[in-house]
Amino acid sequence: MVVRVGINGFGTIGKRVADAVARQTDLRLVGVTKTRPSFEARTARQRGYPLYLTGDGKAEEFAAAGIPIAGTLSDLLGQVDVIVDCAPDKVGRENVRLYEAANVPAIFQGGEKADVAEVSFSALANYPRAKGKRRVRVVSCNTTGLARAASVLAPRYGIEHWEATIVRRAADPSETRKGPINGILPTFKLPSHHGPDVRTIFPDLPIATTAVVVPTTLMHVHVNHVRFARPPASTTELVDAFRASPRFHVFDEWEHVEGTPQVMEYARDRGQPRPDVMENVLWANGIKVEGGDAYFFQAIHQESIVVPENVDAIRAMFGLAPDAATSILRTDESLGIPRP
Ligand code: NAD
């Protein structure tokens, strides 16, 4: 069975999900949408992705730019088995009625509230729960990072208490109008929304989160302190537990990765189709077990971490793989994410 996929919104997340879908043998990318002509619309065309109008888009603007349009969102909805909504925050909710009217199942992103969907999704944590669902939400970049870490830690060691401070990048690299460019902004919602968002996947997880925004575009960094019920015997055991999981990359001290700039340089060097890092990034010397407590940093590449999750979410909804491990392996091999 090949599932036909449309992508509504070809921005930071949508263009990456489109490229990822196009690489799967059990999925077929039918088309993508744009609201107005841009270099990204031209990229879609160059890649051979049929382009459809969405939102308040005007056909004459595309005609003036010389970019052919295959139709409108409703034409695209008529040809797909599932639509992946990659519209800006909160717009996904407005799009629900369009998807329902066309009777097309949909995947939403983390900028939507959890109740937009029947289930919030993270492949390592709750893959089977998406089976047969009509609306699935792939959680945000930060929540995906925390949920993956919880998938490694909770079953092995039992979590009694977890505090995470989310050091958030101010904007994506292409968002030139956002800031701050000089300042650290506390998020005055205490605790921050990230903890409750992780609990949409792990309902009983005793996690409390706070957040600050810093002037960088590269990645988020999470500063974690976890208290375990059954702690690992050593720091090495915990490092190895992260290393053994798909979608984790642990740098060694000798690699001299001082922070997020070197992580992104590593991404450029390793030569995947995009210089992205879809894994949770940890440092072996940034993980420490002390008695029943553990400390670890993890860096999250906000532009790409949710991309493999979207592919797995489609497989999970349509039962295209027997289990999470099979889907994750298939996705990761196709995207060049190294195996543990
Ligand atoms: P973006 O602004 O880069 O892209 C959104 C795209 O949707 C744009 O191409 C825009 O033209 C298009 N669009 C506008 N109105 C539309 C409409 N009515 N219908 C369909 N498309 C429309 O945004 P993004 O960063 O890709 O975010 C998309 C979703 O992914 C949001 O829910 C966001 O919270 C989530 N997300 C973003 C990141 C990130 O760091 N960028 C990480 C994880 C999840």
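As the structure is a prediction and not an experimental result, all values here were calculated from the model. We count ligands from 1, going down the list as the structure has it; atoms in each ligand are counted the same way. Computation of the quantities below employed the complete heavy-atom set of this structure, encompassing side-chain atoms and omitting hydrogens, waters and symmetry-equivalent molecules.
The immediate protein surroundings of ligand 1, defined as residues with any heavy atom under 4.0 Å of it, consist of N8, G9, F10, G11, T12, I13, K34, T35, T54, G55, C86, A87, P88, D89, V91, N95, Q109, G111, C141, R169, D172, Q302.
We find the CZ-NE2 distance between R168 and H194 to be 5.0 Å, quoted to the nearest 0.5 Å. Taking CD1 from I337 and CE from M278, the interatomic distance works out to 4.5 Å, rounded to the nearest 0.5 Å.
In summary, the aromatic rings of H249 and Y266 are positioned with their centroids under 6.0 Å apart.
Relative orientation of the F296 and W162 rings is tilted, given thresholds of 30° and 60° on the angle between their planes.
Sequence neighbours left out, not one pair with a member in residues 179-189 passes side-chain hydrogen bond (donor to acceptor under 3.5 Å, both in side chains).
Using modelled atom types, one finds a donor on one side chain and an acceptor on the other under 3.5 Å when comparing Q298 with H222.
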